[in-house]
Structure formats: structure tokens, C-alpha cells
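One structure is given below, encoded as C-alpha cells.
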Amino acid sequence: MAGSPAYAVDLTAMIAATMLPFVSFLTILIATRGRPRLSAGLSIGSVTISLACSIALLALHFHLAAPIEFSTRLLASGGLDIPFGFLLDRLNLLMIAIVSAICFLVQVYSLGYMAGDPGFSRYYGFMSLFTWAMMSLALSASLLQLYFFWELVGLSSYLLIGFWYEKFSATQAGKKAFVMTRAGDAAFFIGLLLLFVHTGDLSIAHLDSRSALSGVSPSFLTLSALLIFGGIVGKSAQFPLMTWLPDAMEGPTPVSALLHSATMVAAGVYLFARLFPFFSMSSVAMTVFLAIGTISMLLASTMAIVSRDIKKVWAYSTISQLGFMIMALGAGGYFAGVFHLTTHAGFKALLFLCSGVFIHRYETNDIYELSRFGARRMVIPTVSIVLGAAALSGLPPLSGYFSKEAIMGSLAAMHNPLWLAAGLAGVFLTAYYSFRVIFILLFPRAEGAASPPPQEAGITAGGHAAHESGYRAMAWPLIILSAVSVIFGFFKTSFKDFIGGGAAAGGAAGMEPSWLHIAPLALALAGVGLAWVEFGRKGAKQIGFVDRMPVLSRLFAERWYIDRFYGLVVEFVIDRGISRLCSQNDRKVIDGSIDGICEGTVESGWVVAFLQTGMIQYRLLAILGVLALLLLCFYF
Amino acid sequence: MHMEPATFPFLSAILLSCVVGMLTIMVIPEERHVLIKQVSIFFSGVCLLLTLYVFFAFNRSLGGLQFVEQVSWIPTLGISYFNAVDGFSLPNLLLTGIVFFTGVLTMWELNTRVKEYFALYFLLVTGVFGLFMSMDLFFIFVWYDVSLFPMYLLIAIWGTTRKEYGAMKLTLYLLAGSALILPAIIFLWAKSGLNTFSFVSLMHPGMFSPADQKFAFLLLFLGFGILAAVWPMHTWSPDGHVAAPHGVSMVHAGVLMKIGSFGVLRVAIMLCPLGWIYWAKSMAVLAVIGIIYGALVGLRQTDLKYVIGYSSVSHMGVVGLGLSTVTVAGLNGAVFQMFAHGIMTALLFSSVGYIYDRTHTKLIPELGGLSRIMPVASAFFILAALAGVGLPGLANFWGELLVFLAAFKVYPLFGVIGVVTLVITALFMLRVVQKTFYGPANARFAGLPDVSPWLGTPRIILAAVLLILGLYPSLLFNVIRTASVPFMNGLPR
Amino acid sequence: MTLYGILFYLISAAVIGATAIAITRKNLMHAVVYLIVSFFGTAMLFYLFGAPLLAAFEVIIYAGAIMVLFLFVVMMIREEPSGESVFPATQWVPAAFFCLIYVFVAAAMAVQTPGLNAPLKMLTASPIQFAVHVFEYHWFSIEVVSLLLLVALIGALNLGAGKSAHCGQDGEEEK
Amino acid sequence: MIAPFSHVLVVAGILFALGAFCAVTRRNLIMIVLGIEIMLNAAAIAFVGGSLHLDNLDGQTFVLFILAVAATEVSVGLAIIVYAFRRTGSFDPADFNLLR
Amino acid sequence: MNWITEGPEIFYFGASLWFLLLTFAAPQKPVSNGGRRREYLSAILLASVGILVCLASVRAEGWLFIRAYSVDLFSQVFKTLLSLGLFLIVSLCGSISDIDERRHNEFYFLLFSCTLALMLLVSADHLLSIYLSLELSSYSLYILVALRKRRALGLEAGIKYFLTGSFAAAVMLFGMALLYSSCGTAYLPDMAKVLPGLISRPTVIMGLLFTLGGFFFKLAVFPFHSWAPDAYQGASNQVAGYIATASKVAAIAVVLRVLASAGHGSAYLVHVLVILSVVSMTLGNLAAIVQKDLKRLLAFSTTAHSGYVLIALLVLDPAGYSAAIFYALALLVMKFTVFMVIVELAPDGRNLQIEELAGLHKRSPIMALALLVALFSLAGIPPTVGFTGKFLIFTAAIQKGYVALVIIAMINVVISLYYYLLVIKAAYLLEPAEALPPLLVSFPKKLLAGFSIVGIVVAGFFPYWLIQIANAAVLPLFGGR
């Protein structure tokens, strides 16, 4: 295939799509730091081309039969080849389309949102970095290459979360995000190395072909699958490494929209889908994934119920939706997972961007305050956010409904009904918390009503001045995304054809009982209804049922104490425990013994020198004594 | 081994330009600071250009020894002045050239006892260059010591924190290392019965009996290991780093520690491969302890340079782990990591140097918010710190990747520990970055100037090298492979 | 055992005894006198060993000149027997220990070494023989020793002579 | 026939030990010099005995020169000691402790 | 008989006599009153001519005094070293103020006669002549030490030096008696024939041990080292320098000669030497750490260096001996350089404390550099002559399998570096309490310092020629000519 014109076109398109953002990143950081408009132009220009290339590729290969792989050897080091290249299949095509589209929209949106920020150029530089890394990640042909960009994505996340570096919480959150995902990545890296050592090839196509791993023992397969899944847990903020994501909301809202809901966190799910055939070879591992997805989904939903910070609600919901995807994939519903990934990218970005408009306008994250300020008066965002929330809750005919249904379908295919029950509970909770936010926003309470005590301190965002201008730039992406959320669900079948054709294994097989179409919808409606009762109707106290149970609400608000636990571990076990022990050891034992030897030498120097000051006769005595002893030695 | 004689003595020219530079500086009157610095930059630039030439002129397909120069020196003892480069020494040579040049630039603002500083600095680097290019055991030792003894004065006169203690500790530690190396070298000479110190003649797997190899390897490993900051012989290094002036810290952490690992590779491993195989496991244990221990201790440091110092211990542990795997990948990774770590720490120290010269403190609690005041200087530091974390796209990633890969084959558990330590490294590096550069701008430092393009030159060079190698590691691996593959193939199994 | 043998042991015993007494005297004068006795005994041993010239020299130079010089010095400075403890325990205990070790080892060595246990024959080197030997083979040593005596002379002169003249001045220059 | 040479050596050895003992233990500079004289004397006996044992006149020659050296030693030694005594008024070696 | 054969001896004898004659000449006006320094000028002239004479006779060979005195390359090389040492020390005596001006003639007389004695010592082939030459040199030195104008120090040092020396000489003499009566001869070449066969006899061992004791006294090897610190400290700076340089060189030569006659030695002998060597090194270095007085420090370091030399000697083969010869040269140059700095810094002849070096790098950069180079050379850091010397010693030792010994020696090198660094620190780091004026170093002194620096470095970096000489000089000891 090499040398054919199609090949050249594909390669050029892919190189352009990935490398242009990188070029713009370098240019911005090196050359145009002082000229924000130029920087933004560069960045948006490059992402536009990326988008164009992605769409072109998508169009070109819509009926792609077999994956196309382009690869060259990056590095060969004695019995070790590290290839570098692009893999093109349907999943990729979809992913780069999503990524570049949302990147494009968010960057356009940011023109308004970030206008006037002193770090404007830097912002666009990092955005470009992210685009580069994410696009390359999606196109990676080998697991190692994927890891490479996986880490770079993490880096851009770190830089963007801590974008307002003068704010302590932001830098703290960035560090936390980096270290926590890094912990997951360590497992990923180990798994990757293990795989490499045992199979000698990390190319994704190779791993996904069942024949390649036929000789490997199942337990090893499970182990490496679990380790690689560690990376997914970290990046997609699943239990137990979930707590960095809510904190990551310290970053600018577009960043949250782009990285921490639509694309970067979805990279975990993408990896899962990418290696789906590989993972599905180990049923034990799949069950574990399913369990982790479920736990994350439920935990995050409960946290979302009590949060007053609008961005955090969406952050928790992101975790829980990612949990849904993991559940779907874990249950074997390849299509369901990928479909939900796609729809979620759209409506979650929408939700964040809408919230961003509010936050930008009113400079607060608190739903109650937003409501009091009358956020509902901004029409486009309000309509969009309602649409987004409805999609999130899985209300027909929005996209979320279709993907949720698909997920329920794959869960129902499991033998154990527990998974389905959990999934349905999740649907209910999702609808409840999303409409809780909507109703609070839409129906401001009477001034005098007792407000629930603030539970989260410091949620008001600061750091940049409000800007009335740029609203227009911010509005267009909202409209586009809303449109997508509304329409996309209807393309379910064609989407299924597209994706299903690309994946080796189908997953959710046939029989879907008819009540399955009803049950999620009913539960979602029930959730909305409960929210209405508690928050929407006239005279509602706007106090949720959880708020009435202090123990539970505290538990949820404290994120099930997971964070607290990590803090304690880091502070007491690592910092004050092992690390202190080691430094003490360094100072007292190692240095101490070295210094002790040196001091001992000097001390003995004193002793010896003192002996030298003795009377002359002692010296003669020494001569005599030494000679006598030496002679005595002769006899031994 | 293939030997390619030099058409022109480039290697000697490198040494000569150092020596001539030193002598030129010595005859310039003390007061003419600027002239001294200009001369230093000139001669170090010449060195850099020569090393670059040698690096790129090295025939990667031929491999073996190239640029060979050999002159008999003391025939009665079989000592010859024998210079050559191979795939192992070439990266180190280039590293020295880069760090040397940038180190001179970094000290542009020095104004006390300038003449002595640069003269000693040149002497120091002469030793380092000599060591990397020498193929004669005697000269390896001579250069080793030549690079040691200016250190004491450089640290003790121009240093900062606890400088006399640090200088004395460093000097004595390193000399203690040479106390083990010299007997071992002579031991090998005596045992070979060839009456030659030439590395090439001695390097045959069957040259020494296994027992001799084990013994000599132990001595050599401990001796050079001190310089490579192998745990638990590492404590000189943080103290030395902290005390040294920035330019010296750069050479010190960037290059001198590499002398240690390079010595282990060149002398201990290549001459005593059986000893290597015998002791490899113990080496690996020490290296892994070093990796995790350095990171853990680094977690609690409050002095910027101490943090870097302990991270160096950790990173040099990675080198040690690579060397102890007895695999091609391990060797490649170790040599690459030497280079990457050298550039990275040089960049770190160079940035810290800039910050210290402005703020007059390197205590983390006293700093903070520097990103606002000097964004470019901070960016360099952050870049280097990220390299230290092992971020892909920067040079260190490849070294660590290969080392851990090799380790997974041989010592899976150690590999796991090493990878997990990356998390801790990330934790403390980012903690330092956060506390030093982030947060509200410190009013004390308001108005301090950011790096000017001229003063930023050394950092730009170093950062560029980190990036280039991060994206195109084959540049170096192609060279290293020419030495590691034949060596491992020739190894008795 | 021959008469000479008996004589040897008798004289040796006397020499050792006299020396032992000499070194334990608190009074320097007594010590020197006992030592002179010891040197006389040594001279007799020399004679016994066939070195009459040396025996004469021993008496003249050692017992005569050297010891008399000692006597002079002791008398000149008129040192009263001071409160010195003749043998401080810190010195004599280890010294005695080492000397005993030494004597035992030396004796064992001398006795064990083959070829030393045959009794010595009587031989005499006449002064002429001796002188010829000395001047034939060792006139280099004579040169050296003459220079040595010259050095000693100058040394003694310089150490002793200037002292009265420079005493005060030296005192000032000291730290 | 006299005694065996080994006995001569033993006698010389004992004298040597006595001299050394004197030099080491007597807290008096003059006695130290005396002790050294005894040691020289012991060596002289060994030499003369050896000379007889070997029938070689070198040993006797040695003794001749030992006498000369002993004279030198006494003259120089006593000169220094007496001079030192003039300055410090002591013969006790323990009183010479300026150098440290 | 060829006059050139004993040219050096005759020359130095004549030179001594010249100063003896000067003693009788009319006293001249003191220098302070415009008097001319007759003694100094003639001394430096004679010393420099002496070097030429020695060089001229380097290739001379022959026996004198019925073979009691052998002139061969070995002795001539050492004589040249000795003449060089004397010249160097005399060149430091230009402003000697620590010796009474009226006694300068005697001072030079003793210096020259001591050199003569040392020359006789390196050539002497008979135990008797060795003994007498040794005594001659010792007595000259006792008196030189005691001659110091600071009498209390000089006298005390003189007494201690004298008593230890006499004691050691007595021990040596007794050993010679044993050796003589066991070997049946006192002539070294004859002894060399019988000694290897008798080496394990108790009396021979005892005799050899005691005999070596006397030489070890000269070399300041444990346990005969105890005079060194006091003598160095108590003697005037120049005399201490002389003891440290010329006297050590001759001592190395004579030990070489005696040990060479012992052939391959016995295991016991080697063990004894190993013990003495290790203890000397360790003791010397440890004691030197805490010294405040520079000369006393050097004395202890001398003991340590003697320990290193002993390693070369106990190898008992030509490689070791030639290493020892090389090291003798190295010691000569290094020690001299340090003493030169001391003399320059203490023009009034006082004892120099280490902290008095403070600010030297500013007061006189060249002297500071000379001190730096000399101390690093003493510590054995390449590329200096001290390192090359140590390297030769260690190669010789390891070839014989003494790896552990070499490691111990290297550890001692580390310890020694510590106190050398303390001195360097004083010279380069410390600033004097009150600002001191720059040191006025005369041009010849600067030249001398420059030559010392260059000599130390060049001889260290290009040692081949010297090594060849040392190798050639060893041959006569083994019968080769």
C-alpha cells in the first residue's frame, strides 16, 4: 500500500492534524508570548486545519474495512524496536473527529472567555499542546506511543488546571491531578513493560489480534490487563483515583469543558475501547472493570447530589458518566460504551460551556448565587443548559437517551441482574442531580428562605475580570453543541454500523426485553420529578432529601472521605513516615557514620599527636617495646 | 575491536583548547573580568564545536573506536597516551562540551576572583574531557584525579551553604573512591601480565580469571560508584551540589557524576565482565534503593539545590539499574540516561543559579510566586523538573524507558519499584515547582529582572537539547548502540 | 670448662652486676664510679677475647676519659640528689617487661642459631696486626671519624662557648 | 677454649638490655646518656666476641671506632645537656616539653 | 685513580674546610651595618658548583678505600640529588636570621659537612663506614638543630633529637654486631652473597632489624619517628628543610643498599616492614591532622611518606627500588617547595602556624600556587611528581601481590589529603584578621618558585626520563653495571 496516492494523502492529513498544533505550541511559547491575538489566531488556525483533516479522513474512510497502519522505527536499541506511527481505524476516526471538533469549539469559545487574561498566549499555547497530544494519542499505532502522548496529555492537563498559578488551590489541584493520574500511569507503564517483555510487541493491532496472545497464560493476561486498566482509572478518574477531577475544576471553565469532561478524561475510555479485544480475553479483568465502573458511577452520583458548585456537579457527573462507559465496555457493550463516549462528549462540553458563560458573567460557581443573580435571564445558555441536562439525564429524544439505553441493554445482557439495577439507579440519580441544578437555576428562591448552610468553602472563582464582550463568540459553540445533542441520537443505527464494523467483537448480543426501553426513561423521569418536587415547584425549600440526612450529606460532600484518606496517606505515611525516616537515616545514620568516621579520625589524630608530646623516655620506650614485640613475633 | 585512526588529532585538540584556555586566563590580569570571561567563552566554545564535530563525524555504521591517537608514554610500564571515542564515550564527550560551554555562560555574572575561578574551571573540565576520551587506564585515573582537585577550591571559595564542609566532604569522598580505583587498575595491569595499561589490549573476556574479575570489579564499582552517588555512598553529592557555585554544580551534577557511572561502565564492566555478571544483582539492589531513597529524601528538602541533589541520587540510581541488568537495552538506557540527566541537572542548576543570584536565597519557603516575576527563568526550571519527572517528549523519558524495560526482563520487582518511584519523583518535583514558582508574587522580589536573551542562552541551549533528544532519541541511541551491541555480543555466556 | 671459660663467666657476672648497680644508683657520682668498674671488666673481657690493644683503649678512653668527663660534669654542676623517684612506675614496669622479652628472645635466638655454640678458641690480635688491619682497610673510616670529631668539637664549642655572651639576648628572642 | 659465642652474645644482650633499661627509666638526662654508653659498650663486647668467633679483625676495628664515637657522643651530649641545665635548671627529661 | 670518581666528596670536603677557615677569619661587619654576606655568597657559589661536580661525576664508577667505598650510578644519582638538595636549601639561607650571625660560618660548615657525610653514606659499602657516615651526618644535624637562635626551642629539639638518635644508633650498632658475627663479614657485597642463604636465621633477622632501625631513624619510620616533629619544630626553618629533604634522600639510599643485600628477604622481614610501613603511614597522617604548626605537620607527613617509601622497599625487587629512588626525588622537590614558602612567609625565622598562611593567595599568588602544587603533590594527586612516585610504588607492590597494603596506603592518602586541604584552605580561603601587605618576593625566589611548580608538574606528567634514570641506578645494587 505504501507509495499509493491514498497513502500519501492519509499520511499528510494525519501529520498535519497532529503536528500543526505542536508547531503552533512551540511558536506561541517561543515567539509570540507577548502578542495574544496572534497566538490565538495561530492556535485556532492550527486546530481548524486539524478539524478539517479529521473530517476529511472520516469522510474518506467512512467505509473503512481494515485498519490502516503507517509505521516507522523511532528507535532501535539492541533487540528492542520502538516503532512510531499512525493507526487508522473507525474508532480512531471517530475519536479524532470528536477531539478536533471540541477543541475547535472550545478554542473559539475561549476567545471570549479568556479575553484580557494576562496569560492569554500561554493559554492558547497549552491548548495547542493539548490538541497535539490528544490527536496523536488517538492516532497512536503502538501502546508505547500511546503512553507517550498519554503523559503529554496529562502534562497539558496539569498546566491548564494550574493555569491561574497565583491561586494556591489551582496549583494544588494541578499537582494533585498530575500525581494521581501518574499513579495510575505507573501501573499502566508497568503493565505495558510487562506486556512488552513477554510479547515483544506493543503495537495495538498486534495486541488486539487474539492469535498474538494465545500462548500467554491467562493469569498473566489478567495481570497485565489490570495494570493497564490502572492507567484508565487514573486518567478517567475512576474509583479509587477519582478525586482529582472535581479539584481540577479550578482551571478555566473551557479547560474543564475540553479536558476534564469531553476529551482527555475520555482518553481512558478510549484506551479501553482501543484494547477492547485484548481486555475481553480476560473475563476476570472485565468483571473487575465492570465493578470499578459501577462503584465510580454510583459514588460520583451521590457526590453530585449535594454539591453547590455548578462545575463540580458536572465534574461528578463526568465521573459517573465515565463510569457508565466503563460499565458498558466492561459488560461487553463495545458499541454502547463508544456511543456514550461520543454523545457524552457533546452534551457534557455543552453543559460546561454554558456554566462557563454564567461563571464568566457572575463570577461565582455557586448555583444558589447564580440563581439569585438571575442567571436564567441569559437565554442561549439557559436553553442550552436545559438541553444538556436533559441529554445527560437520558430524556428522549436527546442523544443521551439513546446511548443510555444502549448501555442498559448491554448491562441487561449480563447474567447478574445486580449490574442492571446499579445502572438503573445511576440513571435515576443522574436525572435527579442534573435537574436539581436546572431547577435551582431556573427558579430562584424567595430572598428570605433559609438557605442551606454552605458546605464548600471557596467556590467563588476569582482571578479574572468579568467581560461583557465576547459573549457572542461564546454563544456560537453552545448553539452548535446543543444542536448536536439534539440530533445525534437519531444517528444511532448508522453510528452502530460504523463502529460495529470496526470492532472485532460485537458485545451486546440481541435480546433486549421490551421493558428495557421503558425502565430507564421511567427512572429518569422519576428523577426529574423528585427534583421538581424538591427544587422546582413553587414554595419548594430547595433542600434535597439527602440534605435532610446530615450524616449522608456530609459523607457525600466529603467525597466519601477518599480524598481525606489520600491526604493522610501522603502526609503521614509518605511524608512524615517513610520520607522522614529516610532523611533522618540520611542525616543521622549515613552522614552520621561518615562524619563519625571522620571525627573519629581527627580524634585519634589528637590522641596520636598527644602521644607525640610525651617525654623523651616514653619514645625510647616505644622503640624498645616495638622492637621487642617484633622480635617476639618472630616466634609466632 | 575496530579502530579508526584520526586524520587530525581532534581529541587532543579538545584537551589542548582547554589547557590553552586555562593558561591564557592565567596570564590575563585579574582586574579584567570581562576579558577573562570572553576568553573563557571563546575557548569553551571552541571545545563545544570540536566535540560537536567529533559527535557528528563519528561513523555510526562502523562503530568501534574512532579518532584514535596513540603515543607511547612510559614504555617500561606500558603506559601510552591513548585517546579514542566509542559509542559509550561519545555522548559523554558531547555532554561535557555542552555543559562546559553553558557553565561558562552561566557564570557570566561572577565578579569575585574571576581569574582563579575560570582557570580552575578549565582545569576541572580538562580532566573530565580527558577521562572520557582516554583509552589508557593510567590516564583514566590521572584525569579522574585532575578533575577532582580543583573541585575543593571551586566549592570552598565560591560556594554558598556550608561550603567548606561540602567541599571537604566531596573531595575526601571522591578521593576515597580513587583509593579503591588505583589499586584495582594496577591489579588488572599486574594480572594481565602484558605490561600494558591500554584498555584495548586488556579488554578480552578471558584476560582475567573469574576470581580476579570479581575482586577487581568490586573495587572498581565501589570506587567509581562513589562518584556515581550509588547508595549509600551518595551523601557527598547533595552536600556538594548545595555548596558549589552554580556553574560548578552544573559540571558537578551534570558531568562529574557521569564520570562515576562511565567509569563503572568503561573500566569495571568492560574489563571485568564476569565480575559484572557476578555482582550485577547486588548492583541492582543498591541502585533500586538509591532510586527510591533519593526520591523519598528529596521529598522533604527545603533547599532547592538539595532537592535537585537528591533527585540526582535517584536518577543516577536509574543509571545504575540500567548498568546492572546485563542487557543491551540496559546499557543503552543507562548511557542515554547519563546524558539526559546531565543536561537536565545542568539546566536545573543553571536556572537555580539565576534565581539565586537575584533573590539571594534558594530556600523554598522563602521563595514563591516567581513565575509572575521571572516567567522565563521559571519556565526553564519547570521544563527541567518535568524532564526529571520522566515526562515523554523530554530526553529523560527514553533513558528511563529503556532501563525499566531491561529491568523488567531481569529484575521485575526492581522494575516495579523504579516505576512506582516515578510517582514520588513527580510529587516532590511538582511540590517544589508549586512552592517556588506558583502562588502570589512575593513582594520581596518584585521588580527583579527576568532572564535576558544573553543570560538565557545557556538555558536555551540546554532546554533545546532536552527537547530534541526527547523527540528524536535515535540521535544518541544510534551512537550508543555501536558500542553496546558488539560488547554484549562478545560477552561470554 | 677451661680456666678461661670460668674467667669469662666470672668477669661477665661482675660486669653485669656492676652495671646493674650503676644504673640503679640515685647518686650520679656513685653510678659513674660503678660504671667505671663495669668498663674495667669489659676491658678484661676484651683482653680475654684476644684484643689487648682494645682493652687498653677501653681503660684509657672509656673508663679514663669518658667517665672522667662524666664525673667532671656531675661535679661541675653539683647537682644535689633531687627528689626524683629513680624509677617511676610508669616507666620501669613496661621497660622491664620489654627488656625481659628482649633478653629472652635474644638468648633464645643466640642459643638456637646453629654454629654459635662451639666454644671460642683463644686467639690474639697483636697491636701491630690490628693497626695494620685498621690502616690497610679502614683509613676511610679514620678520615670520617676525624671529621666527626672535628664536628663534635665545633659543636661543643658553639653550644658551650657563646652561652655566657648570648644568654640574655637569647632570652629576649624567645617567644 | 672460652665459652661459646652464643654466651658472649647473651652477656652482651643482657648488658644492652640494662643500658636500654637505664636510658628508658632514669629521669635524668645524664643517666640517659650513660645508659646509651652502656648499650654501645654491649655492642662493643659483641663485636669483639664476633671478631674472635670469626677470626676477623673487622670486629675489633669497629670497637676502636665505637670508642671514638662514644667520646663524640659524650662531648656533644654533655655540652647540650649542660647548656640546657644552665637554662632550665633541670635534668629531668619531663621538663623539656615546649615543643608540642 | 681518577680524580673525578670522588670529585663530589673532595669538593664538599674542601668546601667544608673553606668555611672552617672562614671561622678563623676576622669577624666581619653585621649585615645590618652594611657588611657583605661573605658566607652566603660563597655558600651558594659552592653549592651550585657542587651540583656541577656531581653531574660531572655521574657516570663515574669505581671502588675506593679497598672496596669500602663504591662509586656507581646508584650513589652518583643520589649524590646529585643531595647536592641539589643542599643547593636548594642554601638558596633559602639568604636572609637566615634564626642563626646567630657570628655563627654563620659554622652553620655552613656543618651544612656542607653533613652533605658530605650523606654522600659518603650513599657510597659506603662497609657497615663500619656506613655507621660512621651516619653518625657524622647525625651529629652535624644535632648541632645544627641546637644552633637555633631561639635557644629554648633549639635546645629542646636538639636534646630530643640527640637522645633518640644516639639510642637508635646504639641499637643499630648492636644489630650490626649481630649481623657481622652471623655473616662473617661487614662488607656489603660479601654480605649480599651470604645473606640470602642465612636470612631466616634468628640472629640475622634480629641483626637486620636492629640495623635497619638506625636507618629508619633517619627516615623517621615508626617507632623511630618521634624525634621528627620536635626536631622540625625546634630547628630553624632552613635546617628543618634540610632534614626533610637531603637527609631523607640519603636515608632512602642507605636502606636500599642494605636491603638489596638481603636478596629476596624472608617472609618475616617482609611482615615486619609491612607492619612498620602501615603504622608509620597511619600514625603520621593521623597525628598530622591536628597540628597547628606547619613544620610539625610536615614532620608527621614525613613519617607518613616514609611509610609509603617502605612499601617500595619491602617489595625487595628492582621495580620497588627504582620507585623508591623516584620517590626520593619527588620528596626532595615537594618538601623543598613547602619549606621555601615557609621561609618566605617567616622572614624572621619564627615557626609558622597554619593560620598565618591566611590571605597568601593575595599576598603572593606565586607562593600560594607553589604551596598548592607542592601540597597536592605530597597528597599524591596527579599530574604531579608525588602521584607518579606513588604510582610507581604501588605498581611495584601490586605486582608482588600486596593489594591490601596498597589499599591501606590509598586510604592513608585520603586522610593526608584532609590536612593538606586544611593548609590549602588557609592559604586560599581564609582572610587574615588584619590586612597584611603583599609579600615582597625577590625575583630569584619567584624564579625558584616557578621552577618548583613547573618541576613538580612536568616531572609528574613526563616522568619517563627520570624513571629510566631510576631504573638504571638500581642496577648496580644487583651487581649489574
Side-chain angles (χ1 to χ4, degrees), chain A residues 26 29 33 73-80 82 118 122 133 144 147-152 154-155 158-159 162 165-168 170-172 174-175 178-180 182-183 185-187 189-190 193-194 196-197 570 574-576 578-583 585-587 589-591 593-595 598, chain B residues 169 172-173 232 234-236 238-239 293 296-297 299-301 310 327-329 331-333 369 371-372 375 379 386 389-393 397-398 401-402 404-406 408-409 412 415-416 419-420 422-424 426-427 430-431 433-434 437-441 472-474 477 480-481 484-485 488:
Chain A
L26 286 182
L29 276 202
R33 263 187 322 124
R73 217 167 53 170
L74 176 65
L75 142 75
S77 137
L80 174 75
I82 295 181
R122 189 160 51 94
L144 189 69
Y147 177 78
F148 188 105
F149 291 109
W150 182 270
E151 288 290 316
L152 283 183
L155 167 72
Y158 164 73
L159 293 171
Y165 54 75
E166 291 186 39
K167 208 164 73 175
F168 174 75
T171 59
Q172 191 73 11
K175 190 180 77 181
F178 193 85
V179 173
M180 264 184 141
R182 186 95 191 166
D185 295 348
F189 195 48
I190 292 171
L193 292 178
L194 267 184
F196 189 79
V197 166
V570 168
I574 295 181
D575 217 20
R576 296 201 193 160
I578 309 171
S579 170
R580 183 147 156 268
L581 214 62
C582 284
S583 356
N585 175 59
D586 214 48
R587 259 213 326 279
V589 180
I590 298 181
D591 259 4
S593 54
I594 295 290
D595 287 352
C598 296
Chain B
K169 191 170 180 177
L172 290 185
Y173 246 111
H234 64 279
T235 55
W236 62 270
D239 284 329
Y293 185 92
L296 283 172
V297 179
L299 206 54
R300 281 186 70 81
Q301 301 305 318
Y310 278 105
T327 56
V328 176
L331 287 185
N332 289 347
S371 257
R372 171 66 71 208
L386 289 172
V389 170
L391 198 79
F397 171 76
W398 296 108
L401 172 74
L402 281 195
F404 290 138
L405 203 59
F408 264 97
K409 260 183 207 158
V416 171
V419 174
V420 169
L422 288 180
V423 181
I424 300 175
L427 187 61
L430 295 188
R431 188 180 278 190
V433 167
Q434 182 195 7
F437 299 106
Y438 294 162
Y472 185 51
S474 289
F477 277 120
I480 302 169
R481 210 178 44 204
S484 61
V485 173
M488 289 304 290

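Order of the sequence lines fixes the chain letters, A, B, ..., with proteins taken first and strands second; residue numbering starts at 1 for each chain.
With rounding to the nearest 0.5 Å, the separation of CG in Asn332(B) from CZ in Arg481(B) is 8.0 Å. Here CD of Glu151(A) is found 4.5 Å from CZ of Arg182(A). Values are rounded to the nearest 0.5 Å. Taking CG of Leu299(B) as the reference point, atom CD1 of Ile424(B) lies at 7.0 Å (rounded to 0.5 Å). In this structure, Tyr293(B) OH and Ser583(A) OG are separated by 7.5 Å, a value rounded to the nearest 0.5 Å. Taking CZ of Phe148(A) as the start and CG of Leu401(B) as the end, the distance is 10.0 Å to the nearest 0.5 Å.
The choice from Trp236(B), Tyr310(B), Phe408(B) that makes the most heavy-atom pairs within less than 4.5 Å of chain A is Phe408(B). Interface check for chain B: of the options Asp586(A), Asp591(A), Ile578(A), the most heavy-atom pairs under 4.5 Å are formed by Asp586(A). Looking only at heavy-atom pairs under 4.5 Å with chain A, the residue among Leu427(B), Ile480(B), Asp239(B) that has the most is Leu427(B). The most heavy-atom pairs under 4.5 Å with chain A, out of Val423(B), Val297(B), Val433(B), Leu430(B), come from Leu430(B). The candidate from Gly390(B), Ala426(B), Pro440(B) with the greatest count of non-hydrogen atom pairs under 4.5 Å with chain A is Pro440(B). Chain A forms more heavy-atom pairs under 4.5 Å with one residue of Leu422(B), Leu172(B), Thr235(B) than with any other, namely Thr235(B). Of the listed residues (Val197(A), Leu581(A), Leu144(A)), the greatest number of heavy-atom pairs within a distance under 4.5 Å of chain B belongs to Val197(A). Of the listed residues Leu331(B), Val420(B), Val389(B), the one with more heavy-atom pairs under 4.5 angstrom with chain A than any other is Val389(B). Of the listed residues (Thr171(A), Val570(A), Asp185(A)), the greatest number of heavy-atom pairs within a distance under 4.5 Å of chain B belongs to Thr171(A).
Taking the six-membered ring where the residue is Trp, Phe397(B) and Phe189(A) present tilted rings, their angle falling between 30° and 60°.
Checked against the 6.0 Å centroid criterion, the rings of Trp398(B) and Tyr472(B) do not qualify as a close aromatic pair.
Phe178(A) has its side chain within reach of Leu391(B): a pair of non-hydrogen atoms, C-beta onward, lies under 4.5 Å apart. Side-chain contact between Leu405(B) and Phe196(A) is present, with at least one heavy-atom pair separated by less than 4.5 Å. With a 4.5 Å cut-off on side-chain heavy atoms, Phe168(A) and Gln434(B) count as touching.
For a residue to count as touching a neighbouring chain, one of its non-hydrogen atoms must lie under 4.5 Å from one of that chain's; by this rule Asp595(A) touches chain B with the side chain only. Only the side chain of Ile594(A) comes within contact range of chain B, with heavy atoms under 4.5 Å apart. Only the side chain of Tyr158(A) has a heavy atom closer than 4.5 Å to any heavy atom of chain B. Both the backbone and the side chain of Ser371(B) come within less than 4.5 Å of a heavy atom of chain A. Interface remark: Arg122(A) contributes no atoms to any contact with chain B (heavy atom separation under 4.5 Å). No part of Leu29(A) comes within reach of chain B, as not one of its non-hydrogen atoms sits under 4.5 angstrom from that chain.
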